[in-house]
Structure formats: structure tokens, C-alpha cells
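Here the structure is laid out as C-alpha cells; the discussion comes afterwards.
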Amino acid sequence: MYPFSKIEKKWRKRWLEKAIYEPNLKKAKKPFYNLMMFPYPSAEGLHVGNTYAFVGSDIYGRFKRMSGHDVFEPIGLDGFGIHSENYALKIGAHPMKQAKVSEKNFYRQLQSLGNGFAWNEHLETYDPDYYRWTQWIFVQMWRNGLAYRKKQLVNWCPSCKTVLSDEQVISGECERCGTKVIKRELEQWFFRITKYADRLLRNLEKIDWPEKIKIAQTNWIGKSEGALIGFPVLETEFKIEVFTTRPDTLFGATYLVLAPEHPLISNLESKISNFKEVEKYIGRAAKKTEEERVAEGKEKTGVELKGLKAINPATKEEIPVWIADYVIGGYGTGAVMAVPAHDERDFEFAKKFDLPIRQVVMPRLLDPANPPRKGKPDTKRDIIHCLVKHPKENKIIVLRSKKLDWLTPVTGGIEEGESALEAAKREIYEETGYKNLRLLKEYPWTFHAEFYAAHKDVNRAVHSRVFYFELKNLERDEISPKETEKHDVEWLPLAKLHDLHPMAEVPFLVKWLDQGESAVVEEGVVFNSGKFDGLTSAEAKWDIAKFAGGKRTTNYRLRDWLISRQRYWGPPIPMIYCEACAAKGKGERKDMPGWYAVKEKDLPVKLPMVKDFKPLGTGQSPLATVKLFYETKCPACGAKARRETDVSDTFLDSAWYYLRYPSLGAKNSRLETKNSKLEIPWNQEITKKWFPVDMYIGGAEHAVLHLLYVRFAAMAFKDWGLISFEEPFKKFRAHGLLIKEGRKMSKSKGNVVRPDEFIEKYGTDTLRIYLMFLAPFEQGGDWRDAGIIGAVRFLNRVWKLGQSRLVRQKSLSPWLHGSIKKITEDISALHYNTSISELMVVLNKLESEPAAGRKDFEVFLLLLAPFAPFMAEELWESSGRRFSIHKSSWPEYDKKLVSAPTFELIVQINGRLRGKVTAAKGIGEAEAKKLAYGQPAVKDYLSGKEIKKIIFIPGKIINFVI
RNA sequence: GCCCGGGUGGCGGAAUGGCAUACGCGGAGGACUUAAAAUCCUCUGUCCGAAAGGACUUGUGGGUUCGAGUCCCACCCCGGGCACCA
């Protein structure tokens with residue numbers, strides 16, 4: 001066992017003394033900002049999941065440093081906010097005191113990881129020197145019109161006793177404590193993130209982020225193109241405006257539905273004959289939790305606004321108006337046109353309340369864009385559709401059935417003992433006399449639907465299977481004249497068929513609304529729609545919208561960021577409300593009389609020490625009970641005024657921390673404004689040099705939280721001229737989740753692994769190696785206590801080899817070049833597990849190859865250094881090399897030597913392995929053939945057989961086809 | 001329901017369309033040892049076979065290809081995200 005604790009202590013000290021992880025922030029030539037999402041500290045300390053993420057990030061940083069970059073790898077604590085406060089509440093401590101305890105413990109643990117952190121630049125979000133600037137950012141948001149206050153239905157966590165942003169509600173539950181979230185109407189501060197919706201979406205194309213995260217953000221932003229269409233309310237001057245993405249279905253809109261909170265309802269109180277009932281429904285809907293709304297799921301509720309009628313602008317029909325809570329107040333206009341034939345929710349609602357359903361679109365059944373529904377086939381009722389493609393003329397055979405006087409591919413069912421495919425072939429033969437069929441494609445679609453023939457509504461529900469054949473030749477067997485007499489056979493041109501899908505334009509299979517089952521949501525061809533009949537949905541959409549007086553718009557699902565929190569442990573929102581000014585309509589901004597931002601020079605608004613900091617649950621922060629805090633003077637008129645007592649969301653703290661790190665030791669810049677110079681929270685020169693961040697690593701769970709807010713903030717800073725980029729992180733990678741023996745680690749299960757005991761028992765390097773070896777970093781892995789022994793053995797062997805006498809060589813062993821290449825590439829791709837496996841392969845060779853020597857070993861140490869920084873450094877020193885290995889150059893490989901001069905030629909017969917021969921790299925087919933014949937087994941296989949074909953892939957394989 | 005991942009030995013996991021199971025854990029046997037631990041060596045996908053050898057094998061079923069874990073179609077299962085967004 002190598003003496004890890006002595007070695008680690010020694011180097012930890014030396015590294016700090018020599019500041020090898022502190023780049024020159026002002027003068028660095030090749031800056032590389034390697035950032036890791038900073039942790040929020042609970043006093044329970046770092047858990048092995050954090051360790052996993054931090055170590056993974058550090059390996060990348062160390063690799064970049066050795067590759068010649070000036071790497072900056074800062075660390076800090078996200079210790080302000082609800083997570084830390086909840087923890088303090090739980091253990092009965094005061095967050096302000098607890099912060100200091102946690103800080104000490106966390107930094108001690110972070111030190112022990114052996115990461116190359118730049119300790120001079122650490123920051124804590126609860127430090128007044130930090131949150132002064134968080135508040136400053138709030139003030140700038142306010143000054144630039146991005147912060148506003150509004151009364152609205154908001155998410156409320158009854159357990160955390162605060163409001164939450166939409167992003168913090170996960171499936172109807174509080175992101176922090178898992179309690180069901182309810183809706184409350186409160187006046188709150190918001191950030192206008194929606195202003196950036198389109199930019200947030202468009203920029204995704206430009207950044208190197210995992211597809212998974214981009215998709216999550218895309219969905220969250222939820223852009224939809226549609227139209228606003230007004231429905232006049234009969235006998236009033238009001239128009240109900242709806243947003244729809246499907247104006248092509250407007251002729252099928254048979255009623256309107258408003259959200260319960262729709263403002264029109266109170267305006268039209270006098271016209272609504274059943275207003276009491278309506279009010280009661282609105283009251284009930286407001287009380288429901290998110291969870292109740294979801295749990296009720298499909299069971300729709302609603303009330304008709306009796307006495308009101310609206311006019312469908314397309315059909316001019318009078319249609320009823322309802323309210324229902326399946327319509328969301330905050331999206332679109334809070335009202336929808338209901339098209340029950342083409343929308344699942346409207347369909348259900350119409351079924352329940354017996355409202356008219358009118359189909360106006362028929363989708364093609366075989367359209368690739370509209371894959372059929374799943375279900376179990378009913379073989380007895382299988383209907384087989386046989387389509388035959390002309391081999392040369394690009395035409396398709398369809399069968400004309402006299403029974404139906406319209407083109408339909410309907411054939412019979414399956415006979416006794418016959419497979420569906422056999423039945424199809426038989427059918428084709430009986431109908432056409434064509435025999436030589438080759439199955440091109442089978443569509444075993446087993447959906448339940450009715451068929452619609454273009455001019456007739458027809459047929460019955462069936463299950464369907466479609467076979468698509470190609471004729472091998474055109475010879476027609478005249479065997480069944482009787483059948484062909486009965487049915488005409490016709491070749492239809494396939495001109496319209498696009499390449500993608502051989503049946504995309506088959507004209508006669510059209511899905512029909514099944515009145516008993518469900519809506520037809522696919523797009524298709526419009527009918528029952530006056531002059532628009534026959535157009536496709538895509539063609540008809542905007543024409544119909546225009547016809548009805550609507551206008552095209554884009555809608556986003558994204559809503560503004562609710563920033564206030566009714567909690568104690570956070571930066572007080574730096575705003576002041578003056579009643580006197582408000583009464584006069586005065587204020588800093590016209591739209592919000594009475595409100596003033598705290599002047600920049602007066603920041604920070606310090607969070608006072610409050611003994612009883614527990615959340616109140618009244619909709620106000622505990623600060624509202626501290627007179628000394630909230631009593632102040634109006635910055636404009638000097639009258640008695642009141643401070644805002646809510647604090648800001650913790651995600652605002654983390655939305656800008658990365659900008660602060662490199663400027664911590666420098667002077668803040670000042671920005672010229674119209675009237676004065678404005679101090680900003682960072683140094684422009686340094687910021688220019690170090691941003692955007694080169695590599696950011698963190699958890700994927702922040703896909704639509706931190707990772708969205710931080711992008712929004714950067715865009716705002718850019719627009720205010722504070723920074724010159726708008727995407728903060730060029731490259732982001734999400735680390736995987738560490739589980740234990742197949743199950744999630746959680747405190748309640750008691751299977752949380754703490755890194756400390758393993759570091760104590762085996763050393764930091766061993767833990768690092770094991771963590772990084774157990775699975776691909778981005779995928780996450782399965783921790784098993786027993787598995788660490790592999791890492792222990794590996795490092796012990798390295799240590800032993802380091803103690804042994806190694807031969808001095810002139811040059812590197814040639815086989816090492818391939819390994820250097822592989823490890824270099826694997827680290828770049830974050831494939832740490834395969835890098836380590838290759839290090840193991842190298843070690844095996846160093847131990848067994850007699851020619852391996854000191855030079856090889858030193859290269860091995862360099863390759864090992866990012867993973868096991870302590871041992872690599874120690875052995876580097878004892879090998880007589882200069883301090884520090886971590887500042888040494890990453891080994892280069894010779895391209896010519898990457899692969900050996902010989903290779904193993906694989907000999908296959910009919911694709912099966914029959915032999916291997918060692919051969920020189922450049923041999924041709926003839927030589928390879930000779931070598932293959934030299935193999936007795938191969939010779940046996942080939943003797944007396946005719947070789948039809950030889951496939952020879954140089955440098956790899958020779959395959960005989962017999 | 002929709003959108004992402006993923007399914008490979010006893011386990012964690014490797015494999016630019018070309019030797020499936022690298023590397024490691026575990027297991028078996030052996031060496032060293034009074035003994036154990038540690039260490040080192042050999043073997044270790046399944047089935048048939050005494051062996052030589054053969055057959056089978058990457059969730060299931062089809063397809064493309066000289067050749068498929070890898071590409072295409074359909075299905076099943078697991079994990080994650082979103083979820084009445086009109």
C-alpha cells in the first residue's frame with residue numbers, strides 16, 4: 001500500500017504555496033475557463049455524487065492545463081436561498097450562523113478532492129459583497145424595464161410558504177420539498193424573460209450543448225405558430241379572441257371555452273343568466289391544486305355561460321360559450337375555440353356535455369407524417385391492402401372494386417390456415433393474375449378506424465395490414481379470368497409519390513372520425529369548409545385565418561420569471577414603495593407609481609439578523625415583521641416609505657456568479673452612462689479575456705432552471721452593454737447521475753455514500769480513479785463499495801513500478817503512441833472510463849514488456865496525472881523530473897507509430913470467421929488471398945467449392961463467398 | 001399521452017458496418033505462507049464434446065448487406081424529462 005495520506009498532505013501544501021492552479025488573470029496567453037456548477041452547502045457535507053461531478057470537471061481542466069492552456073477553475077458556494085434555509089430550519093440552526101459552519105466543512109471537503117481549484121477567487125452568494133451586486137442586477141432589471149410587479153395567480157408551496165416560479169414546479173410539486181403546489185393570487189415581482197423567448201430559442205443552434213438540454217429548453221419555451229381569431233359576442237361589443245395553431249379547423253369550431261380567470265366573464269355578468277353557478281365554478285377551480293387538476297386528468301368539468309352566444313367568423317353560426325379549467329388562463333388569450341372533431345380535449349368535453357362535433361379535416365391514413373395508432377390486431381377482421389408497384393413505369397396497381405364504385409384496395413379476409421402475407425398474395429393473384437411478387441414492405445398497422453372514400457362516407461371499422469409489393473416481371477398469368485372480369489385492374493401514375501415513403505400519396509385511404517372513440521388530430525385535407533374544400537391543412541391554414549379576419553402570431557409557453565420569495569435567507573429585493581408618491585401618480589416608472597429602486601450607491605440592502613426567521617405563510621416575508629428594516633424614507637420625496645420585504649429567488653444568485661469569479665481580485669470597471677459613471681460588478685478587461693466560459697459542467701436537472709435563467713441574464717447584460725457576448729457557456733456538458741447498487745442514493749433509503757470515509761481509507765487518487773472508471777461520465781454509473789478494490793490494486797501496482805528500477809531508454813516504445821492517442825481523444829470526449837481502461841492496459845504492458853523503460857513510465861505518469869494528481873506528482877518527483885507534473889506538457893504521439901506495422905488479417909467464409917493471419921500493413925488482395933489459403937482450416941473449407949466473390953478490405957479482412 | 005436516453009457475460013461496462021464480451025469486479029484452480037490477508041500466475045459467455053472441434057449468443061420479430069450489437073421497419077421492457085400550452 002502506498003503512503004497516500006503523507007503524499008497528499010505534502011502536495012496539497014506545495015500546490016497552494018506555489019499557486020500552480022492560479023492563472024494570471026490579467027495576462028494569461030491562452031485562457032481556458034473551466035467551470036463547474038457551484039454546490040449549495042448543507043452541513044451534511046459533500047456527497048459522493050458531488051465528488052463525481054467535481055472530479056470529472058477537474059480532469060478536463062487538468063488535461064487542458066497540461067495541453068498548454070492557462071486554466072481557471074474557480075469554486076464557490078451557492079449558500080444563499082431556500083435550500084440552505086430549509087436545511088437550517090431542519091436542524092434548528094440559524095441560517096446566518098449555519099452558513100459559516102457549512103462553509104468551513106464544505107471547503108475542507110472540496111480541498112480534499114485534489115481538484116485544481118483557484119482558491120484565491122472563491123465566492124459565497126450570501127456574502128454582502130456578493131449580494132450587493134445581485135441586488136444591483138435587480139435594480140438594472142428594473143431600470144431597463146425587465147422587472148415589474150403584478151397581481152396574478154401564482155404557484156404557492158404551502159410547506160415552504162413561498163411562491164415559486166413555473167420552473168420550480170416539477171409535475172405539480174415544489175422543486176425543493178415535493179409538496180403539492182397550489183395557486184394563490186398575489187402581487188409579485190417578475191422578470192420579463194419572455195421578451196427573450198425567441199432569442200433563447202434561436203441561440204440554441206449556436207451553442208455546443210447536449211441535445212437533451214436543448215430539447216428540454218425548446219419544449220419549455222414552447223414556440224407555436226398560429227393565429228389570433230376574434231369571435232364576436234352576440235348583442236355586445238365584445239369580441240372573444242382565441243389563439244389557435246389550427247385555423248384550418250375553424251369551420252369545425254362549435255363552441256368557445258374560456259379559462260375561469262378570463263376577464264370577460266365579470267364584464268358580461270349582466271348577460272349571463274346563470275352567473276351564480278358560474279361564480280361557484282370559478283371559486284372551485286381556483287382552489288384546486290395543480291395536482292388535483294392533473295389527477296382529474298381527463299375528466300373535464302365546465303359550465304356554460306348561459307345567455308351568451310358567440311359567432312363563428314367562418315360559418316357565421318351562433319355558438320355557445322363555456323368556461324372550463326382545462327383552459328389555462330396564462331397561455332395565449334386564455335380562451336380557445338373548441339373543435340371537438342380535431343382536438344382530444346375538446347372532443348372529451350363535447351362528449352361529456354353533448355356539444356356538436358363536426359369533422360372538417362380528413363387525414364391520410366398512410367401519410368408518413370401521421371403514423372397510425374397502436375393496438376392489437378384482430379386477425380378475424382383483418383383487411384389486407386395490397387399495392388403493387390410497376391417495376392419500370394413508376395406506377396402502382398390498385399384494385400377497383402365494383403361493389404363500392406370507388407377505388408379501394410379492399411380485399412377479402414384471411415382464410416383458414418393462411419398467413420396474412422399469403423392471403424395478400426392470393427388476393428392479388430385472384431384479382432389481377434399477377435404472380436411474381438416480391439414483398440417490398442409490410443405495414444402491420446393495427447389501428448381501429450373507419451375508411452372514407454373521397455366522395456362517400458363508407459365502410460366499417462376494421463383492422464388493417466398493408467403489404468406493398470413489387471412485381472419481379474410483368475408476366476401475367478391468365479389463370480383467373482373470372483376474377484379479373486369482376487374487377488378492373490388499373491395502373492395509377494406514381495408521379496406524386498415522394499421518395500421518402502412509397503405510399504405517401506395513396507389517395508384513397510383516409511382516416512375518418514370515429515364518433516365513439518376519439519378525435520382526429522392529424523392534419524390532412526379540408527372539407528365541409530366552403531370554398532376551402534380540397535386544400536390541405538397547410539394550404540388552408542392561413543387562408544382561413546385571413547378569411548375570418550384573424551392574424552398570424554407566435555405564442556410561447558414560457559412565462560415570466562417570478563422572482564420574489566416570501567422567505568428570509570436571500571437578498572432583499574432593493575425596492576422602496578412610497579404611498580405619498582403613489583397617491584400622486586409619481587414614481588420612477590410611469591407604469592408603477594410609488595416604486596423606487598434603492599440607489600446603487602446605497603447597496604447592499606443588508607439582510608438583518610432576525611431571530612425568528614421562519615416563513616410566515618401570510619404571503620409576506622418574515623422581514624415584514626421587522627420594523628427597523630422596512631421603515632425608510634422615499635428616495636424622491638423624503639416621506640415615510642416602506643421597503644420591499646420579499647427576497648429574490650436563489651436562482652438569481654447563480655445567474656451571474658460565473659462573471660464574478662475572475663474579477664474578484666481586480667477593480668470593478670465603470671461604465672459611462674448618460675449622466676454618470678456606473679460601477680459594474682466586474683472588470684471589463686478581464687471579462688473580455690476570459691469569457692464566454694470555455695467548458696461548463698453540471699447536472700442535467702438544471703435544464704430549464706439555472707441553465708435557462710443564466711442565459712437570459714447574459715442576454716440582458718449584453719443588451720445593457722455590460723458584456724460583449726450573449727451566450728455565457730460555449731460548451732456545456734451534463735454529468736450523469738451516480739446511483740448505488742441499481743438504486744437512487746437518498747437519505748431516506750440510507751444509502752448515501754460519503755466520500756470522506758473512502759478518502760480516508762484508500763486516498764483521494766483511488767476514489768477519483770474508481771469514480772471515473774465505473775461508467776461513462778456523461779451517463780452516470782452504479783457505485784459499488786466492493787468495486788473500489790480495482791482502483792486500489794491499480795494504483796498500488798503503479799506505485800510499485802515507480803519504486804522499481806527502470807531502464808533508461810533512448811526513445812519511447814512504439815506501442816505507447818496508440819495509447820497516447822486513445823487517452824488524449826477519450827479525455828477530450830469526457831470518456832474517462834475508457835481512458836482509465838487504457839491506462840490499465842499500458843500498465844500491464846509496462847510490467848510485462850522487457851523493453852519498457854523509464855521514458856515510457858514517465859509518459860504514463862503524464863497520462864495518469866489528471867486522474868491521480870497526487871501519486872503522479874510524487875512519482876514524477878522521485879523520477880527526478882521538475883515540479884510540477886501538472887504544469888508539464890501533455891505527451892504527443894507520432895502519427896506514424898500509432899498503429900503497428902502488421903495487423904491480423906481476418907479470414908471469413910460467407911461472413912463467418914474461419915481464420916486469422918498476421919500480415920504486413922500494406923498488402924493487396926492477391927497477397928491476402930495467398931495468406932488465407934495458407935491457413936489449413938481455410939483451405940479445407942474452400943477445397944472443391946466454387947468461389948463466387950471475394951471481398952477484401954485492406955488492413956482488415958478477406959471474405960470468401962461460396 | 002408526447003419527447004429524450006438505454007436494453008451486450010454472474011456484475012460495472014468496451015466495441016469508425018468487419019475478431020462481440022476490451023478494462024475492471026466477482027468466481028475457480030495454482031504459487032508463496034505454519035496459516036490467513038496481501039501479492040503473483042492460469043482459467044472463466046452458453047450448449048454439445050473426453051479432446052480436437054462444432055453450434056449458438058448483444059430485449060423480440062422482420063429487413064438491407066459478402067458481413068449487423070452497430071443501419072432500416074415494427075414491437076416489448078427499463079430509466080429520465082414534459083404533461084389539459086389550444
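Side chains are part of it too, since the values below use all heavy atoms of this structure and drop only hydrogens, waters and symmetry mates. Note that this is a predicted model, so its numbers are computed, not measured. Sequence lines set the chain letters: A, B, ... in the order given, protein chains first and strands last, and positions in each chain run from 1.
- In this model, no donor atom of one side chain and acceptor atom of the other lie less than 3.5 Å apart for A:Arg557 and A:Asn219.
- Straight-line distance from the CD atom of A:Glu167 to the P atom of B:C82: 11 Å, rounded to whole Å.
- Side chain of A:Met840, nearest nucleotide from B:G24, B:C66, B:C82: B:G24.
- Residue-level contact check: A:Arg784 touches the backbone only, with heavy atoms under 4.0 Å from sugar-phosphate atoms and none from bases.
- Nearer to the 5' terminus of RNA chain B, by closest-nucleotide assignment, is the contact made by A:Gln908 (compared with the other of A:Gln908 and A:Arg793).
- Shown here, B:G1 forms a base pair with B:C82; the pair counts as Watson-Crick or G-U wobble because both key distances fall under 3.5 Å.
- At whole-Å resolution of the value, CG in A:Asn219 and P in B:C82 are 10 Å apart.
- Atom CZ of A:Phe960 and atom P of B:G18 are 20 Å apart (whole Å).
- In this structure, A:Tyr52 places its OH atom 15 Å from P of B:G12, rounding to the nearest Å.
- Residue A:Arg914 places its side chain closer to B:G54 than to any other of B:A14, B:C84, B:G54.
- You'll find that the side chain of A:Ile215 is closest to B:C4, out of B:G18, B:A83, B:C4.
- Of all nucleotides listed (B:G13, B:U39, B:G18), B:U39 comes nearest to the side chain of A:Lys800.
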